[in-house]
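The structure presented is a predicted model; accordingly, all values stated were derived computationally and were not measured.
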Amino acid sequence: MASGTLADDIRLKLGTLSPAERKVARVLLAAYPAAGFETVATIAERAAVSAPTVLRFVARLGYSGFPEFQAALRAELDQRNASPLSLYEETEDDTSGDDSAAGLMAHSSRLFTTAVSKTLAETPPHDLQRAVALLSDRKRRITLVGGRFTHLLAQYLGLHLMQLRDDVHVLPERDVERAAALARLGRRDVLVVFDYRRYESDKLTLAQLAQERGGRVVVFTDTWLSPTSAHAEVVLPSQVTTPSPYDSLVPTLAVVETVVAGLLSTLGDEAHQHMRRTEDVARRVGLV
């Protein structure tokens with residue numbers, strides 16, 4: 001899982017904590033991030049430990065006290081909920097950069113190179129493998145859905161999948177068609193969700209619905225983690241650093257294309273034959 005959130009720090013330190021401190025960690029992770037805004041006494045009661053144990057746990061994370069821990073959590077939530085407008089307003093007075101074309105390209109090169117490298121380095125291999133396994137299973141039906149901007153990536157991955165296997169669908173936009181598609185969700189379904197900060201409530205509902213019906217959920221998200229992650233079998237976070245106020249989808253695209261490469265390798269000749277049949281049909285009806 002990508003680093004950078006308090007939840008990640010807590011998970012990374014689980015193995016170094018005392019049994020009592022691990023109880024505190026589990027209470028915080030079970031209702032993250034809301035649990036972090038409870039009082040020390042409330043957290044201690046829920047974890048069945050003493051208040052000093054909660055304070056020792058916070059110190060283990062590197063904070064001088066509980067107020068500093070909560071301040072860090074509030075700052076994280078501000079970033080998690082940031083909009084393009086708020087990000088623009090944070091940086092509009094910054095005149096320290098080189099606004100020339102060469103300066104912009106150099107700045108973008110540094111940001112995108114770092115973001116893609118960091119994303120791929122921090123992608124858990126077992127999550128990538130599981131995503132490939134689910135998406136390559138021909139017994140499963142695949143449905144993809146994205147958000148305001150990320151619907152483009154859902155369609156992009158969907159188009160690749162359609163060339164490699166059958167039973168792949170992008171969730172329809174029209175209400176009647178969408179409701180019909182969602183009503184079909186069951187145990188053999190895989191729902192692929194793209195959801196990034198300023199998370200969309202309907203994506204959480206869709207993930208919950210798929211999980212309740214026995215289906216599997218694969219989530220592409222940012223490092224702050226969409227609420228849909230709580231219902232996902234696979235979570236693939238990406239960095240979103242960009243030279244503009246809009247979150248970058250470049251690192252996510254790199255993860256998507258890595259998944260596609262894994263699918264080609266896993267499906268092998270089956271994918272080749274499917275591509276050949278699709279190409280033959282496209283030529284016959286004049287689509288290529």
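For the pair Phe37 and Thr42, the minimum side-chain heavy-atom distance is 4.5 Å or more. Under the 4.5 Å side-chain criterion, counting only non-hydrogen atoms from C-beta, Met275 is in contact with Leu164. Side chains of Leu204 and His231 form a contact here, defined as non-hydrogen atoms less than 4.5 Å apart. Asp202 places a side-chain heavy atom less than 4.5 Å from the side chain of Arg178.
Of the N and O atoms on the side chains of Gln70 and Tyr63, not one donor lies less than 3.5 Å from an acceptor on the other residue. Under 3.5 Å, the side chains of Arg130 and His126 contain no donor-acceptor pair of N or O atoms.
No single ILVMFWY cluster, assembled from side-chain heavy atoms under 4.5 Å apart, contains both Val234 and Leu171. When hydrophobic clusters are built by joining Ile, Leu, Val, Met, Phe, Trp and Tyr residues whose side-chain heavy atoms come closer than 4.5 Å, directly or via intermediates, Leu249 is not grouped with Val193.
The shortest non-hydrogen separation linking Val219 to Ser229 is CG1-OG, 4.3 Å. Thr266 and Ser136 make their closest contact through CG2-OG, 3.6 Å (heavy atoms, listed as atom of the first residue, atom of the second, distance). Pairing each heavy atom of Val217 with each of Gln211, the nearest pair is CG2-N, 4.4 Å. Listed here is the closest heavy atom pair of Tyr196 and Ser238: OH-OG, 4.4 Å. The two residues Ala154 and Phe194 make their nearest non-hydrogen contact at CA-CE1, 3.6 Å.
The number of heavy atoms from other shown groups lying within 6.0 Å of CD (Gln273) is above 12.
Note that CZ of Arg165 and CG of Leu267 are 8.0 Å apart. Values are rounded to the nearest 0.5 Å. With rounding to the nearest 0.5 angstrom, the CZ atom of Arg22 is 13.0 Å from the CG atom of Leu29. Between atom CG of residue Leu55 and atom CZ of residue Arg60 there is a gap of 13.5 Å, rounded to the nearest 0.5 Å. One finds the CZ atom of Phe220 at 11.0 Å from the OG1 atom of Thr150 (value rounded to the nearest 0.5 Å). Going from atom CG of Leu6 over to atom CZ of Phe69 covers 5.5 Å, rounded to the nearest 0.5 Å. The OG1 atom of Thr258 sits 11.0 Å away from the CG atom of Leu263 when rounded to the nearest 0.5 Å.
With hydrogens and angles disregarded, a donor-acceptor distance shorter than 3.5 Å links the side chain of Thr119 to the backbone of Ala115. Under a 3.5 Å cut-off, the side chain of Glu68 and the backbone N or O of Ser64 do form a donor-acceptor pair. Between the side chain of Asp195 and the main chain of Glu200, a donor-acceptor pair closer than 3.5 Å is present. Between the side chain of Glu21 and the backbone N or O of Ser18 there is at least one donor-acceptor pair closer than 3.5 Å. Here the side chain of Thr53 pairs no donor or acceptor atom with the backbone of Ala20 at under 3.5 angstrom. Distance alone, capped at 3.5 Å, places no donor-acceptor pair between the His272 side chain and the Gly268 backbone.
The side-chain hydrogen bond (donor to acceptor under 3.5 Å, both in side chains) test with Asp166 is passed by exactly one of Arg138, His274, Arg141: His274. For the salt bridge (Lys or Arg N to Asp or Glu O under 4.0 Å) with Glu279, the qualifying choice from Arg283, Arg277, Arg276 is Arg283, the only one to do so.
Residue pairs meeting the salt bridge (Lys or Arg N to Asp or Glu O under 4.0 Å) criterion with at least one member in residues 30-44, sequence neighbours excluded: Glu38-Arg46.
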message: Run Arg213 and Asp189 through salt bridge (charged side-chain N to carboxylate O under 4.0 Å, His left out) and show every step you take.
response: CA-CA 9 Å; Arg213 298 280 183 84; Asp189 285 280; over 6 Å; no

